[in-house]
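Everything below concerns the one structure shown next.
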There are 2 protein chains.
Amino acid sequence: MQDVAETRARFIELIGMVTQAEGLPRISGRILGLLIFDGRAYSFGDLARELQVSRGSISSNARMLAERGAIERIARPGDRQDYYQIRENPYDTFLKGIAARAEKTAQDIAQLAGQLPEGMGETTARVRDYAFFYKVLAEGILIASEKVGSKPDN
Amino acid sequence: MQDVAETRARFIELIGMVTQAEGLPRISGRILGLLIFDGRAYSFGDLARELQVSRGSISSNARMLAERGAIERIARPGDRQDYYQIRENPYDTFLKGIAARAEKTAQDIAQLAGQLPEGMGETTARVRDYAFFYKVLAEGILIASEKVGSKPDN
DNA sequence: CAGTTTGTTCAGTATTGACTGAACGTAATA
DNA sequence: TATTACGTTCAGTCAATACTGAACAAACTG
């Protein structure tokens, strides 16, 4: 059993790294990690203070996360600051977003395959295989999004 | 029905962009696109010539793709050059790699959750939810990898 | 053996994009 | 109205990394 503060810090940094590996800014992941771990709303200013980053970064990253449906901005009566908290079940939204991207890629490739002449059956088949790969990937992720609503008792 | 050469060029560039969006070098994707489209083996030197990139880039990117199981290096009798061609079904390998990464992430997070004290049940639950998200993602992708062997007649 | 071809390595360059912080507009407050 | 608090924007900086190309070692050729 280790120090909670250290585990908390490690979690926040881990989510930051994971998020970065997925092509999003690291600060986005750190905001996410903080809000998930503490499970409460943070004010705009507190986010910047807690994560030691500029207010400009909080502005752009929090907005992006809110647009993606990961977090939500809430107002508090008698407080002019914006507050952010984690969404009820953000993971479903995550998965649907990833699946949509894969589906889009599949369609882009299939569209090119459709432009090839009749005589190039082999080539067309190979290109379609690649499109099929992304289509199947999207389907698999959608299957995951159905499961993610269930309880994590594994 | 457009010019095949243009469709070919577009396909190669598209795969390059897609691959880049997934965190790999764009040249890796262009090698992949070329080998998929033409469906034949290319020599090391021809790859550099066809894609207009340095031999150093071919060296590192082709090696990475071969290590990941996407392409294979083959030798031709009486030719000192290395030849590369697309693997029989590279997509299965792709998907398994992606799934393995997600599984690893799930375990990393779950390991942190296990370090939290008894009293922090709510926090532990939230962290486990996040781990569960990655676990379910990995499972969904594995399901996809089973489908990818079947024919793409959609 | 000298000369050529081939792939690798690595230092340097270029590029991409995240991040900062100051300037700004807006809205609340006194 | 003046002042303060707040979030956004954007030009500039910084860091990470893809890419180049020359130097190199190894293996082949004559």
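In the text below, chain A, chain B and the rest are named by the order of the sequence lines, each starting its count at 1.
Rounding to whole angstrom units, CD1 of residue B:Ile58 and P of D:dG21 are separated by 13 Å. Here D:dA16 presents its P atom at 18 Å from CG of A:Leu24, a figure rounded to the nearest Å. Rounded to whole angstrom, the span from the CG atom of B:Leu65 across to the P atom of D:dA18 amounts to 13 Å. Per the geometry, CG belonging to A:Asp46 stands 10 Å off P belonging to D:dG7, to the nearest Å.
At C:dT20, one or more side-chain N or O atoms of A:Ser54 fall inside 4.0 Å of OP1 or OP2 (strictly under the cut-off). One finds no side-chain N or O of B:Ser59 lying less than 4.0 angstrom from the OP1 or OP2 phosphate oxygen of C:dG7.
One finds no salt bridge joining B:Arg126 and B:Asp129 here, because no Lys/Arg side-chain nitrogen approaches an Asp/Glu carboxylate oxygen to under 4.0 Å. Between B:Arg8 and B:Asp38, at least one side-chain nitrogen of the basic residue sits less than 4.0 Å from a carboxylate oxygen of the acidic one, meeting the salt-bridge criterion.
Taking only distance into account, the side chain of B:Arg80 meets the base of C:dT5 through a donor-acceptor pair shorter than 3.5 Å.
Considering only side-chain atoms of A:Ile27, the nucleotide from C:dC19, D:dC19, D:dG7 that sits closest is C:dC19.
No more than 12 heavy atoms of other residues, nucleotides or ligands sit less than 6.0 Å from atom CE of B:Met17.
Nearest-nucleotide positions on DNA chain C for A:Pro25 and A:Arg55 put A:Pro25 closer to the 5' end. Both B:Ser57 and A:Arg73 sit near DNA chain D, but only A:Arg73 has its closest nucleotide nearer the 5' end.
Between B:Tyr134 and B:Tyr130, the ring planes are perpendicular. Angles over 60° get that label, and only those under 30° would be called parallel.
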